[in-house]
Amino acid sequence: MFRSVGSLSSRRRGDNSFLGGRGRLMNDVDMSASRTDRSRTSHVSTMTRAEAVSNFLFDFNAATAPKKVRMEAINFASELFYHRDAGAHDEELALGAVNVLIAKLSYAYCVCPLDEEMAMTSVVLEMILGGASRTAVAKAFDEAGRSVIPLLVDIIQPPSEHCHPVAVDRILSILRCFSRVPTAMVPIAHHPGMIDAVIFYLKGPLPVISHLKEPTPSSSDNTIASEVEERAYRRIDAAAIIVNLACAEENKLMLANHQGLLEEINHMASTDPDAQAREHAATVIMNLAYNEQTKIEMANNEALLDTLVLLMGDVSPQTRKNASAALFTLACVASNTKNLALHRGGSIVESLRIIMLQDTLDEARDNAAEALFNLARNSSTDDSSIQDLSNHNLLLDSLAEVVSRDSSPYVKNFAAKALECFSISIQHPAEAHRTLLAALVKASIWTGSSSIAQSMRNQADFVSNRIWMVQFPGMLDALSQMALLSDHEFEHVRMPAVAAIERLTLEPSTRWLMSKHEGIMTSLTLASFVNSAGETTYWDQRQTIDKMASVDLYKAALKNLTDAANLDPSSRTALNISRSSTDQDFDLDSYTNAASSEVPMYTSNKVGSEATSALSPAHQELDHRSPGHATIGVDSKANAPTWTSEGQDWKTMSANPINRF
């Protein structure tokens with residue numbers, strides 16, 4: 001009467017996966033009554049499909065004995081529910097199909113757990129749950145699934161010889177479906193024996209087939225191939241269950257501390273030949289890393305960090321994305337910075353650098369750039385982590401390269417912010433100082449944020465940096481180009497650039513060179529221009545700063561440069577300076593002494609001498625970002641840049657875990 005659906009132990013799945021379940025290789029078939037026996041056609045054709053399903057479920061529930069009747073009902077169910085229509089599966093769940101099938105599954109498990117009846121019942125149940133929508137599955141679980149958790153967990157308990165291997169395989173898939181339901185995540189994860197059973201299948205032992213028919217010589221190869229395939233599906237289903245359970249905040253700490261779980265996830269990520277299994281492993285680590293209590297423990301797990309480095313080199317873009325997301329989350333905690341930055345001689349930093357530069361997935365590059373920003377932001381000069389980061393091979397240049405050419409504004413923004421962090425901590429004569437200056441010049445072509453101009457202003461705040469900045473090839477060109485941006489939309493770049501120029505003029509030793517640069521002189525002239533109403537031409541009236549004080553500073557700076565340009569030739573010779581001098585042949589001390597004695601120091605009458613020794617209020621808050629983004633401000637008491645925050649927390653602190661499986 002009924003058409004066979006194929007061998008249970010070796011039926012292959014297709015590539016099209018339903019949400020929560022695995023795709024099943026099936027033909028698009030008409031679900032009309034013509035699929036059944038002709039004797040039933042005239043009766044069924046007068047019913048709607050819902051009525052036919054409802055009538056069948058009633059008969060199916062009543063089919064208890066003998067076994068032949070139960071098997072006929074199960075075979076008919078396998079025909080009726082064997083389709084791809086998610087709406088029809090939702091309808092089946094609404095009509096109570098899960099309740100009936102769970103009752104049949106429980107009976108089969110008690111009476112004949114190794115029999116084909118057990119296998120067929122689990123297959124039909126997985127057909128419906130694997131093809132239905134998430135909403136319908138959630139409703140089915142809330143109505144009947146909670147009571148069945150003990151049964152499902154008991155069926156998958158190792159060793160698996162106590163139950164038909166196909167049933168074990170399909171129950172894992174059913175648990176995968178239920179684990180996606182928010183209300184199911186906690187009760188499933190905390191049920192006794194559940195996590196240990198899943199860990200057993202993460203190890204992927206070959207299924208025991210002693211109770212199956214002995215393979216004939218002609219079928220042995222197919223049987224072995226089938227067992228290997230089933231083993232892979234079990235590993236993937238087990239990993240997907242952990243991915244989903246790790247989405248619940250109540251489960252994260254328990255899962256991270258469960259004995260043997262992270263070890264098996266690391267092993268899967270490092271050795272599993274299946275790309276999907278490795279992707280699930282990366283997602284488990286990422287989901288667990290979002291918990292505040294697990295961040296420190298995970299960042300101190302050397303084996304886990306090795307796994308993340310390996311995953312960031314995976315062939316799967318999604319795996320690289322999830323691994324880099326885990327790292328930027330771990331890097332949010334300041335106490336993790338040193339361990340992450342120094343791990344295996346900088347292997348994490350190098351992996352992040354390569355992804356940021358080369359990955360084809362925007363999200364992966366974004367994650368890597370944000371991770372590097374978090375490391376730079378949280379690094380300290382006290383434990384040498386900032387020096388180790390800045391001296392990492394090509395890191396600063398790579399950040400500048402990304403800022404100047406990447407197609408994603410988010411990647412550019414985080415890379416620029418990372419350079420801004422380095423600009424606060426790296427000063428002359430640090431080993432990486434010249435590399436930082438080169439990176440800032442290279443990145444200055446991007447005007448999408450104020451970070452690069454602010455970085456140059458940060459550098460100009462330190463007296464020890466000023467002559468080296470003025471001397472550095474391209475620095476004055478970069479500053480003047482940013483300071484001369486005329487459009488209103490670039491004000492966030494122009495303001496810190498002009499402020500940096502003003503700070504550089506405070507050093508007598510820099511003035512003569514700066515006075516000979518046309519762009520520098522023009523930018524200061526424009527910045528010091530005031531209209532009759534006392535408002536600057538280029539400043540927005542909405543700024544809550546003292547514009548007049550800033551203009552007075554720029555006027556004083558312009559006066560200093562003008563006087564330096566008018567020095568007589570003998571004085572300029574005494575300074576012994578040229579635009580082409582380098583760090584090696586330039587005597588800063590002798591030049592500074594000569595310049596201080598030859599060049600007068602002008603200050604604003606209104607602002608007073610304090611205006612040249614302390615940062616202007618006009619420069620205190622130059623970086624205007626949207627709420628939720630950290631900004632660099634200035635501590636006026638210490639006269640040194642400090643980190644401030646505004647609005648809500650960073651994305652890394654509030655991102656939601658991925659639940660896609």
Side-chain angles (χ1 to χ4, degrees), residues 176 179-191 194-196 198-199 202 238-269 278-309 311-312 318-319 321-341 343 348 352 363 366-368 370-371 373-375 377-378 628 630 645 648-661:
R176 177 178 178 175
S179 69
R180 296 169 55 254
V181 178
T183 56
M185 293 175 181
V186 175
I188 290 177
H190 289 265
H191 189 84
M194 173 65 189
I195 303 303
D196 288 329
V198 174
I199 292 174
L202 285 176
I241 290 170
I242 299 298
V243 168
N244 295 336
L245 297 181
C247 292
E249 198 65 28
E250 300 89 335
N251 294 340
K252 294 180 189 294
L253 186 61
M254 180 272 290
L255 292 173
N257 294 329
H258 194 96
Q259 184 177 3
L261 178 59
L262 281 181
E263 288 79 359
E264 287 304 323
I265 292 296
N266 288 339
H267 182 73
M268 171 178 282
R278 299 194 303 274
E279 179 184 328
H280 288 344
T283 311
V284 168
I285 297 172
M286 179 190 68
N287 282 352
L288 294 179
Y290 281 120
N291 181 265
E292 294 301 317
Q293 294 177 279
T294 64
K295 282 183 170 69
I296 296 178
E297 294 181 11
M298 294 177 72
N300 286 280
N301 186 328
E302 297 295 315
L304 182 66
L305 297 183
D306 289 339
T307 298
L308 288 174
V309 171
L311 290 172
M312 284 193 292
Q318 190 66 42
T319 298
K321 170 191 168 184
N322 293 346
S324 57
L327 280 172
F328 87 64
T329 304
L330 296 179
C332 289
V333 179
S335 59
N336 291 343
T337 301
K338 183 176 181 180
N339 198 39
L340 294 175
H343 179 73
I348 288 178
L352 290 171
E363 292 91 340
D366 186 11
N367 291 338
E370 186 171 0
F373 161 67
N374 285 335
L375 290 175
R377 179 182 60 169
N378 294 327
S645 63
Q648 56 189 335
D649 291 338
W650 279 85
K651 180 184 80 174
T652 53
M653 305 301 293
S654 62
N656 294 321
I658 288 183
N659 176 14
R660 301 177 294 100
F661 305 104

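Throughout, residue positions are numbered sequentially from 1 according to the sequence presented. When reading the values below, keep in mind they use all heavy atoms of this one structure, side chains included, and skip hydrogens, waters and symmetry mates.
- Applying the side-chain contact (heavy atoms from CB on, under 4.5 Å) test to I296 and every residue at least two apart in sequence or in another chain returns N300, V333, S335, N336.
- For the atom pair CG of D366 and CZ of F328, the computed distance is 7.5 Å after rounding to the nearest 0.5 Å.
- Between S179 and I241, the closest heavy-atom pair is OG-CA, 3.9 Å.
- The CE atom of M194 sits 6.0 Å away from atom CG of L245, with the distance rounded to the nearest 0.5 Å.
- Residues K252 and A246 share a closest heavy-atom pair of NZ-O, 2.7 Å.
- In this structure, the side chains of H258 and D196 come closer than 4.5 Å at one or more pairs of heavy atoms.
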Please assess M286 against T329 for the test side-chain contact (heavy atoms from CB on, under 4.5 Å), listing each intermediate value before the final yes or no. CA-CA 8 Å; M286 179 190 68; T329 304; 5.6 Å; no
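- Taking the side-chain contact (heavy atoms from CB on, under 4.5 Å) definition, one finds that E250 meets it with V186, A248, sequence neighbours left out.
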Sequence neighbours excluded and cut-off under 3.5 Å, please list the side-chain donor-acceptor pairs for residues 260-269, or say none.
unit_1	atom_1	unit_2	atom_2	d
E263	OE1	G260	N	3.4
N266	OD1	T307	OG1	3.2
N266	ND2	L262	O	3.3
H267	NE2	T271	OG1	3.4

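- The side-chain heavy atoms of L304 and I285, taken from C-beta on, include a pair separated by under 4.5 Å.
- With sequence neighbours left out, the side chain to side chain donor-acceptor pair (under 3.5 Å) criterion links T319 to S316.
- Between the side chain of N322 and the backbone N or O of A282 there is no donor-acceptor pair closer than 3.5 Å.
- With values rounded to the nearest 0.5 angstrom, Q293 atom CD is found 13.5 Å from M298 atom CE.
- Residues L305 and N339 form a side-chain contact, since some pair of their non-hydrogen atoms from C-beta on lies under 4.5 Å apart.
- The two residues S324 and N367 have their closest heavy-atom pair at OG-CB, 3.2 Å.
- Applying the side-chain contact (heavy atoms from CB on, under 4.5 Å) test to T183 and every residue at least two apart in sequence or in another chain returns F141, D142, R146, V181.
- In this structure the side chain of L308 reaches within 4.5 angstrom of the side chain of L330, judged on heavy atoms.
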Given side-chain contact (heavy atoms from CB on, under 4.5 Å), test D306 with H343 step by step and report yes or no. CA-CA 9 Å; D306 289 339; H343 179 73; 2.7 Å; yes
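- Separation of atoms SG (C332) and CG (L327) is listed at 11.0 Å; rounding is to 0.5 Å.
- Nearest heavy atoms, N378 versus A331: ND2-O, 2.9 Å.
- Between R278 atom CZ and T283 atom OG1 the span is 12.5 Å, to the nearest 0.5 Å.
- For the pair I195 and A189, the tightest heavy-atom approach, listed with the atom from each and the gap, is CG1-O, 3.5 Å.
- Closest heavy-atom contact between L288 and T294: O-OG1, 2.5 Å.
- The side chain to side chain donor-acceptor pair (under 3.5 Å) check on H191 picks up nothing, with sequence neighbours excluded.
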